[in-house]
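Everything on this sheet refers to the single structure shown next.
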Amino acid sequence: MGTTGIAPTQPSGAAKGDAVKAVRTWVRDRGIGTKIIATVSIALLMGVGVAAAGLGAVARTHSAAQHLANDNVSGTRAVADIRTQVDLVQQEVFNHFLASGTQAQISYEKNVDNALAAASEAIASYDASFSNPETAEAVADLTGAIADFETLWTDLLKPAGEDGNLSAFVSLRDFELRPLARRMSTSLDVLAAAQEASAEAAASRVDSDYALSRIVIVVVTALGAVAGIGVGILVARRIARDLGRVEKMASALARGDLTARSGLAQRDQIGRMGEAMDRALKDLGKLVNTVSNDSSSLASAASQLATTAAGVQEAADQTAQQGASVNTAARTVSEHVNHVVEGAGQIRLAIDAIAENAQAAQHISSDAVAKAKTASETIKGLGDASEEIGEIVKVITTIARQTNLLALNATIEAARAGEAGKGFAVVAEEVKQLAQATADATADIILKIGGIQSQTNAAVDAIAAIHQVIRTIDGYQLTISMAVAEHAQATQAITTSVADAAQGTESIVASIDQVATASDATSVGIGQAQIAVEELAGMSNRLRSLVGTFRY
């Protein structure tokens, strides 16, 4: 059974084409300055790339030279130094044996020791700085040979030399010293060969880096030149093509052809200029078409205007004749309106007098209302004061009752005290009598205050009724005043309207005179208009001929 699956979504050819088109459109819409700067920038970037490639080659060459100087030249020098010290050791050993005298032998002994120490240091320095897996065995063998040589010198060669034992020295030279010297020479030859091979490898790397750098510089330079020239040619061709379209459109415009279009769609300076010229030619074509149509309409209108002017001339003559009749009638109406104005003025004076008397009566009633309100408030204040006195009297009554109770308690306590409390009992009795008298007096006061409050409430009610009556009268008086004021305003409006009508009749008379004058001037103007109409017809014909030179 076959398997089914969903293939991964891949960008379709149409989507890729849209993306490429979008990029081209974006590049096309950039300004001319931006395109030129981009071309120069590409050239500069290519130059920077060439410079970077050259600097990279120089850096690699410098690194190889440094490696050659540090690893190969210095390593070769170290091997030569070791060889020199080894040869010096052998030479000083022979000089020690051949020396005459103890002092000379001691001097050569020091030289041998110093040469051995120098050789050991040189080998250790080489091992630390230049040794590698290929030379490690030779360095170790050389180190061991130096140690064996030092042992041979200390134990055998130096004593044989001090004793002057020629046969022992010769035997040591042939069977110990020479094999050891060949061993050291072999190790040094290995080190020298390794340094030579390393130097040749470094030289080969330098040659390879040089060849690679040359290729990179040539390739980058070629690519930069091709890219710069390609972009420059592309930009120049596009600019020249767009300018050619604009030039063709300008040439067509110079020939009077308003139908040419640039067809540029990009948003750079040339594209915007072409689009602006397309709009301008389109609008200019519409304008020329409109002027052509209007010139025809203008010719027709001029003919109609001439006919209309003749009719206006006749109407102006009739207007002048009727204006004289209307002027006479308007003067008669003006005289009657003036009589009406005089009567309306007398009526207004009478209504003003009534309004003044009604206003005075209203002031008096308003004053009576205010005074009644004040008296009512005063009597109400007396009622409130009597109530407060009643509260005070209640407090006094309460005190008298408490005093009476205290006197009773004092009498009881005096009776309990016997003879000692008789004097206190007398005082308590007097206090009791005083409290009773106070209670009787407060009762009388309460009765009198109650009467005062009843009379005060009656007075308040009476004044309130009076106040209500006065307020009602004041309302009627205010209504009368308002009615009189409205009649006065209406009369004033009538008087003003009649006066305005009188002025209007005078204006009508003056206007009719002006109409008559204007009718005369109209007759003169119509004659001039007929001449202007003839000139306008000639102008419309010339304009139509001029517009006919354009193609739109």
Side-chain angles (χ1 to χ4, degrees), residues 41-91 115-150 178-230:
S41 299
I42 291 174
L44 290 177
L45 288 176
M46 295 300 104
V48 171
V50 173
L55 290 176
V58 171
R60 287 191 296 272
T61 304
H62 178 266
S63 176
Q66 286 290 108
H67 178 72
L68 183 63
N70 295 332
D71 295 343
N72 302 116
V73 177
S74 299
T76 302
R77 186 183 298 114
V79 172
D81 189 17
I82 295 172
R83 191 183 297 276
T84 299
Q85 296 300 328
V86 170
D87 292 340
L88 181 60
V89 167
Q90 296 178 23
Q91 182 181 353
L116 287 171
S120 298
E121 290 179 0
I123 293 171
S125 177
Y126 181 88
D127 187 24
S129 302
F130 309 106
S131 180
N132 53 58
E134 297 177 357
T135 60
E137 184 178 355
V139 172
D141 187 56
L142 185 60
T143 303
I146 291 294
D148 293 341
F149 192 97
E150 187 175 0
R178 284 182 178 176
L180 192 60
R182 285 194 298 271
R183 178 183 169 189
M184 289 188 291
S185 177
T186 301
S187 299
L188 288 172
D189 290 340
V190 171
L191 295 180
Q195 291 302 127
E196 183 178 357
S198 178
E200 290 177 355
S204 178
R205 288 195 300 273
V206 171
D207 292 338
S208 299
D209 291 340
Y210 168 72
L212 178 62
S213 300
R214 183 174 57 188
I215 293 173
V216 170
I217 291 173
V218 171
V219 171
V220 172
T221 302
L223 292 176
V226 171
I229 293 173

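The first residue of the sequence shown is numbered 1, and numbering continues consecutively from there.
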Next on the checklist: Could you tell me if the side chain of F149 sits less than 4.5 Å from the side chain of L116, heavy atoms only?
Outcome noted: yes
Item to check | Flag side-chain contact, heavy atom, 4.5 Å: I82 against L188 | outcome: yes
Checklist entry - Any sub-3.5 Å donor-acceptor pair from T186's side-chain atoms to R182's backbone N or O? => result yes
Next on the checklist: So which atom in F130 and which in A78 form the shortest heavy-atom distance, rounded to 0.1 Å?
Outcome noted: CE1-CB, 4.2 Å
Checklist entry - Would you say T76 and L191 make side-chain contact, with heavy atoms under 4.5 Å? => result no
Item to check | Heavy-atom donor-acceptor pair, T143 side chain to V139 backbone, under 3.5 Å | outcome: yes
Checklist outcome for this item: In terms of heavy-atom contacts, G75 and Q195 come closest through CA-NE2, 3.4 Å
Checklist outcome for this item: Residue set satisfying salt bridge (charged side-chain N to carboxylate O under 4.0 Å, His left out) with D87, at least two apart, ordered chain then number -> none
Checklist entry - Under 4.5 Å between any side-chain heavy atoms of D148 and R183, yes or no? => result yes
Item to check | E121-Y126 side chain donor-acceptor pair, cut-off 3.5 Å | outcome: no
Checklist entry - Does S185 use its side chain to pair, donor to acceptor, with the backbone of A181 at less than 3.5 Å? => result no
Checklist entry - Which pair of non-hydrogen atoms, one from S187 and one from D141, has the smallest distance, and what is that distance? => result OG-OD2, 2.8 Å
Item to check | Heavy-atom check, side chain of V220 versus side chain of L223, under 4.5 Å | outcome: no
Checklist entry - So do Q90 and M184 actually touch side chain to side chain, heavy atoms under 4.5 Å? => result yes
Item to check | Salt-bridge present (R83, D189; N to O < 4.0 Å) | outcome: yes
Checklist outcome for this item: Separation between CG (N132) and OG (S198), nearest 0.5 Å, reads 7.5 Å
